**Q** 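Here it is, the structure, as structure tokens.
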There are 2 protein chains.
Amino acid sequence: MLIRVDPASDTPIFAQIVASVHADAAAGRLAAGDRLPSARDVAGSLGINLHTVLRAYQQLRDEGLVDMRRGRGAIVTDAVEPLAHLHHDIAALVARARTLGLAADTLAALVKETYR
Amino acid sequence: MLIRVDPASDTPIFAQIVASVHADAAAGRLAAGDRLPSARDVAGSLGINLHTVLRAYQQLRDEGLVDMRRGRGAIVTDAVEPLAHLHHDIAALVARARTLGLAADTLAALVKETYR
DNA sequence: AAACTGTTCTAGTATTTATAGAACAGTTTG
DNA sequence: CAAACTGTTCTATAAATACTAGAACAGTTT
């Protein structure tokens with residue numbers, strides 16, 4: 001499993017890590033029981049700080065997407081399944097929004113707002 | 001037209017203003033030619049700074065959602081129409097995500113990530 | 001002419017983000 | 001058991017972002 005980050009992006013690094021895991025989960029590249037790479041490994045290979053990675057992992061834990069215990073690492077829970085099921089619908093919406101010339105941020109904000 | 005903001009939220013105030021306008025546009029409560037309330041009015045009624053409101057308006061301008069000129073204010077462009085057209089699809093996706101117990105932030109991040 | 005609008009400028013404070021290092025406490029592996 | 005690995009917690013610091021504040025400016029509308 002690979003986590004990507006763009007240092008030049010305006011979105012915080014920890015948020016990019018979270019988004020990267022979300023994307024993998026939605027695409028079916030993560031199954032319940034899988035283990036995320038250790039925070040020290042991610043920090044080392046991406047050239048970022050351990051605490052930054054852990055902050056991302058802790059957010060994923062708060063979302064219920066992983067279980068975390070020292071010594072074992074971050075284990076994906078069965079909460080990934082809903083993400084994988086939604087993947088098709090999300091892709092369809094994004095495709096339509098794209099033809100309408102909508103920006104990614106705009107659509108994301110719209111979705112978030114509609115939730116309330 | 002009413003703009004809402006939650007001071008206790010973790011998302012920046014200017015981003016909340018942008019999201020509020022997005023939501024109104026998507027719900028069909030904004031049409032091309034409509035004028036947003038003046039930045040000074042919004043700042044005054046919400047108890048926030050003029051510059052904070054203007055930052056939000058300038059982002060809406062960068063998205064092409066409004067035209068801004070001094071003296072006239074922020075006028076909604078016909079770029080709102082795509083938003084209104086997507087409203088139904090977004091609501092459907094959100095409804096399904098909700099039954100799956102997905103958090104708003106998670107779905108929004110997922111949508112944003114899928115855009116790439 | 002007056003009142004209104006966004007624009008631009010400088011300035012300061014508070015919060016968030018990212019980094020750094022160390023020590024701790026469980027789990028797994030040899 | 002012992003070693004290596006994992007997340008957890010702590011203090012600290014630097015940098016970037018968000019917000020506020022006040023003033024002056026320059027168009028537009030009434």
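Note that the coordinates shown come from a computational prediction; the quantities given were computed from them, not determined experimentally. Naming convention: chains lettered A, B, ... in sequence-line order (proteins, then strands); numbering from 1 in each chain.
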**Q** If you look only at pairs with a residue in residues 41-70 of chain A, which of them pass as a salt bridge (Lys or Arg N to Asp or Glu O under 4.0 Å), with sequence neighbours excluded?
**A**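 Sorted pair list comes back empty.
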**Q** Scan residues 8-23 of chain A for pairs that pass salt bridge (Lys or Arg N to Asp or Glu O under 4.0 Å), counting only residues two or more places apart or in two chains.
**A**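 Salt bridge (Lys or Arg N to Asp or Glu O under 4.0 Å) check on residues 8-23 of chain A returns no pairs.
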**Q** Could you go through nucleotides 28-30 of chain D and list every protein N or O atom that sits under 3.5 Å from one of its N or O atoms, giving the distance for each pair?
**A**
unit_1  : atom_1 : unit_2 : atom_2 : d
dT28(D) : O4'    : R70(B) : O      : 3.3

**Q** Under a single-linkage definition using a 4.5 Å side-chain heavy-atom cutoff for Ile, Leu, Val, Met, Phe, Trp and Tyr, are F14(A) and L54(A) assigned to the same hydrophobic cluster?
**A**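 No, F14(A) and L54(A) fall in different hydrophobic clusters.
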**Q** Going hydrophobic residue to hydrophobic residue with side-chain gaps under 4.5 angstrom, can you get from I75(B) over to V42(B)?
**A** no
**Q** Determine yes or no for a side-chain-to-main-chain donor-acceptor pair under 3.5 angstrom, with Q16(B) supplying the side chain and D6(B) the backbone.
**A**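 Confirmed, Q16(B) side chain pairs with D6(B) backbone.
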**Q** With sequence neighbours left out, what residues match R29(A) under side chain to side chain donor-acceptor pair (under 3.5 Å)?
**A**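 Here the qualifying residues are D24(A).
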**Q** Mind running a 4.0 Å heavy-atom check of residues 58-67 of chain B against DNA chain C and sending the residues that fall below it, in number order?
**A**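 Result for residues 58-67 of chain B: Q58(B), R61(B), sorted by number.
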**Q** Holding to side chain to side chain donor-acceptor pair (under 3.5 Å), I want the full list of residues that pass it with D34(A), two or more places apart in sequence or in another chain.
**A** none
**Q** Indicate for each nucleotide in nucleotides 9-19 of chain C, in 5' to 3' sequence, whether protein heavy atoms under 4.0 Å reach the base (B), only the sugar-phosphate (S), or nothing (-).
**A** B-------SSB
**Q** Start with the C-alpha distance between V76(A) and V21(A), add both sets of side-chain angles, then the distance that settles side-chain contact (heavy atoms from CB on, under 4.5 Å), and finish with yes or no.
**A** CA-CA 10 Å; V76(A) 176; V21(A) 175; over 6 Å; no
**Q** Hey, where does DNA chain D pair up into stems, meaning at least three consecutive Watson-Crick or G-U pairs with distances under 3.5 Å?
**A**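 Stems for DNA chain D, defined as runs of 3 or more consecutive pairs: C:1-30 with D:1-30.
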**Q** Suppose we screen for side chain to side chain donor-acceptor pair (under 3.5 Å). Which residues come up paired with H85(B), at least two apart in sequence or across chains?
**A**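 With neighbours one apart ignored, the set is empty.
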**Q** For residues 86-98 of chain A, which residue pairs pass the salt bridge (Lys or Arg N to Asp or Glu O under 4.0 Å) check, not counting sequence neighbours?
**A** D89(A)-R96(B), R96(A)-D89(B)
**Q** Going by heavy atoms closer than 4.0 Å, what residues in residues 29-43 of chain A are next to DNA chain D?
**A**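 Residues of residues 29-43 of chain A that come under 4.0 Å of DNA chain D are, in numerical order, R35(A), S38(A), A39(A), R40(A).
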**Q** Tell me whether T77(A) contacts the main-chain N or O of G64(A) through its side chain, where contact means a donor paired with an acceptor under 3.5 Å.
**A** yes
**Q** Return the set of residues passing side chain to side chain donor-acceptor pair (under 3.5 Å) with T99(A) (not counting sequence neighbours), or none when no residue passes.
**A**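 Per chain and number, T99(A) pairs via side chain to side chain donor-acceptor pair (under 3.5 Å) with no residue.
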